[in-house]
Amino acid sequence: MALARYREPGALSRQLYERACRAMPGGNTRHSVALAPYPIYARSGSGCRITDVEGEERVDFLNNYTSLILGHAHPRVTEAVQRRAALGTAFTMPTPEEVELAELLTQRVAYVEHIRFCNSGSEAVMLAVKAARAFTGRPKIAKFEGAYHGLYDYAEVSEGPTPDVWGDANAPASITEPGTPASVAQDVVVLPWNRPEACRTLIERNKHELAGLLLDPMPLGIGMIAPRPGFLAFLREETARYGIVLIADEVLNFRLDYHGACHASGITPDLATFGKIIGGGFPVGGVGGSRRVMSVFDHTGALKVHHGGTFNANPVTIAAGLETMRQMTPEAFERLNGLGEYVRDGLRRLFRDARMPAQVCGAGSMFLAHLIGNDDGEELVDFRSLRGFSRTNPIYGDLCHKMLEYGFILSPRGIFGCLSTPMGEAELDGLVEALGRAFSELNSSQIPAYQA
Ligand SMILES: Cc1ncc(COP(=O)(O)O)c(C=O)c1O
């Protein structure tokens, strides 16, 4: 029982959380690590496993929300970081490593002619949006309802609206987050995923004011519901028609393919944002794209967007990222994505055999399974179709706890996970088997059409 010690009154995680709550609001500094009744504190990680402060070991299917594609403490990455740290960690000067990582990424991603580094995916998105505005001289951006792109005010608009405020399905309302001026909503056009006709109308209506369209080809916030055939190409055409900068958010989905998510989807954006895996486990962001658009950052030309940042391209992050990218050869991607297919197949079989209506989404080395609340094969197509059952059901929290008990780390907000290279079929078979056990032990009234 891998949760027995965690549940004890004297559990170290409980004690740490009590201290955390005295020093930090809500006891954390990142909402994505919150877990009821208190988080499990990590002590160490190695390969695809994490050991918590109580000494329990579990297989990690979250990998710091997809950023650790080589798993924890990969010996080559650790060695590169130690070597670099001993030589100094930050200078008011560039270092050779940043040139190497910039070269590697511009060679690997065909549409990235120039790239710049920053410290997070959120910053990368902010810089890309500013670049699109500076390049076009227009104020607005378009983004998809439900899509998550980090913390920038404009990118946060309508990332999780509720039915009472979300408005017309063909012209979704622009909903700002608390703390953001309402005026921000006027500069964000919210698009419905997988509805080309509605998108066409909204883009056409705002064509003189739209600087950029922010697009994640497989958005986690929209349940990783795949774009319908032709949808991404259609968006590329519409943006090109009106001179709107197409910004691909590859922060999470760069792990889909050796050349990135856009390559895998067959589209060529003007700009893209990067993060997560390119930092090898350290804080990172990147914005890259065509020379023409990226020239807005060029201080030797007609500089339009100022780009500072005390720790941009810090050599420790870059050393870890470089080593990680070098390990991720085309063969390594092929193997990992093959395992992704294997686990998605395993999940489909599990749901079929248990007669549970479910839709298994995800691609490459990621999976996201939605339990659908009816039996009539209703297909999930967009953010709104998730609301009926998948996003709100408390079963996901209970399931997460059960899985922790069985030794697996999954998201508490859905059956979401990603793979790392130290994994093999044994870990994936274990995951699917444990999920089956978890379903049979949970209260069947919460689970649609479960047949034990
Ligand atoms: C698609 C996408 N864009 C942007 C971000 C923000 O990146 P960061 O958390 O590094 O700021 C994330 C983070 O999960 C993301 O998934």
Side-chain angles (χ1 to χ4, degrees), residues 93-142 149 152 154-155 207 210-217 232-233 235-251 253-254 256-275 277-279 284-309 312-313 317-318 321-322 325:
M93 292 176 190
T95 59
E97 285 92 339
E98 76 183 67
V99 183
E100 281 187 68
L101 187 58
E103 283 174 348
L104 184 150
L105 291 168
T106 52
Q107 281 155 20
R108 208 173 267 205
V109 188
Y111 64 82
V112 175
E113 293 175 310
H114 276 173
I115 189 163
R116 296 175 73 88
F117 297 109
C118 51
N119 297 295
S120 69
S122 296
E123 258 184 70
V125 168
M126 175 181 74
L127 287 164
V129 169
K130 288 186 181 191
R133 291 195 199 111
F135 183 75
T136 59
R138 301 173 187 168
K140 293 187 180 179
I141 60 157
H149 299 284
Y152 184 40
Y154 298 82
K207 62 180 185 252
L210 272 177
L213 189 158
L214 192 51
L215 168 72
D216 180 339
L232 300 183
L235 295 169
R236 174 65 282 187
E237 269 170 37
E238 290 302 294
T239 46
R241 186 193 316 282
Y242 303 121
I244 299 163
V245 176
L246 183 64
I247 307 168
D249 185 346
E250 297 233 10
V251 168
N253 276 319
F254 192 53
L256 276 179
D257 185 274
Y258 179 75
H259 301 288
C262 286
H263 175 86
S265 315
I267 53 160
T268 304
D270 303 300
L271 278 184
T273 58
F274 301 94
I277 68 167
I278 70 158
V284 78
V287 54
S290 73
R291 241 170 234 272
R292 275 182 73 227
V293 182
M294 288 296 288
S295 70
V296 300
F297 294 111
D298 186 352
H299 73 285
T300 65
L303 174 73
K304 290 185 178 151
V305 180
H306 174 71
H307 181 207
N312 290 355
T317 288
I318 300 292
L322 251 181
M325 287 295 102

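Nothing here was measured: the structure is a model prediction, and the numbers come from that model.
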Note: Ala128 and Thr273 closest approach over all heavy atoms is CB-CG2, 3.7 Å
Interatomic distance, CG@Leu101 vs CG@Leu322, rounded to 0.5 Å, equals 5.0 Å
Distance col, row Leu213:CG vs Ile247:CD1, nearest 0.5 angstrom, shows 8.0 Å
Sorted by chain and residue number, the ring-ring contact (aromatic ring centres under 6.0 Å, His included) partners of Tyr152 (sequence neighbours excluded) come out as Tyr154
All heavy atoms of Arg108 vs all of Met325, minimum pair found to be NH2-O, 2.8 Å
Output for pair (Asp298 CG, Lys304 NZ), nearest 0.5 Å, gives 11.5 Å
Would you find a donor on one side and an acceptor on the other, under 3.5 Å apart, between the side chain of Ser290 and the backbone of Val293?
-> yes
Kindly list each side-chain donor-acceptor pair under 3.5 angstrom involving residues 119-127, sequence neighbours excluded, with atom names and distances?
from   : atom 1 : to     : atom 2 : distance (Å)
Asn119 : ND2    : Asn312 : OD1    : 3.2
Ser120 : OG     : Ser122 : N      : 3.4
Ser120 : OG     : Glu123 : N      : 3.1
Ser122 : OG     : Leu151 : N      : 3.0

Interatomic distance, CD1@Ile277 vs CZ@Phe254, rounded to 0.5 Å, equals 6.0 Å
Minimal heavy-atom distance between Ala211 and Arg138, with the atoms involved, is CB-O, 3.5 Å
Practice task
Taking the side chain as every heavy atom from C-beta outward, state whether Leu105 and Ile278 have any pair of such atoms under 4.5 Å apart.
Solution key: yes
To the nearest 0.5 Å, atom CZ of Arg236 lies from atom CD1 of Ile244 at 9.5 Å
Nearest heavy-atom approach of Leu232 to Ser265 is CD1-CB, 3.6 Å
All heavy atoms of Glu98 vs all of Ala313, minimum pair found to be OE1-CB, 3.8 Å
How about Met294 and Glu113: do any of their side-chain heavy atoms sit closer than 4.5 Å? no
For Val287, does its backbone N or O pair with a side-chain atom of Arg116 as donor and acceptor, under 3.5 Å?
no
| Can any side-chain N or O of Arg291 pair as donor or acceptor with the backbone N or O of His114 at less than 3.5 Å? | no
### Query
Where do Leu235 and Leu215 land on the side chain to side chain contact (heavy atoms under 4.5 Å, CB included) test, with the steps shown first?
CA-CA 9 Å; Leu235 295 169; Leu215 168 72; 3.8 Å; yes
Sequence neighbours excluded, the answer for ring-ring contact (aromatic ring centres under 6.0 Å, His included) partners of His307 is Phe297
Heavy atoms of Val129 and Ile141 approach each other most closely as CG1-CG2, 3.5 Å
- Message: Could you check whether any side-chain heavy atom of Arg292 comes within less than 4.5 Å of a side-chain heavy atom of Phe135, counting everything from C-beta outward?
- Response: yes
Less than 4.5 Å apart, any side-chain heavy atom of Phe117 and any of Thr317? no
**Asked** Tell me, do Ile115 and Phe274 make a side-chain contact under 4.5 Å, heavy atoms counted?
**Response** yes
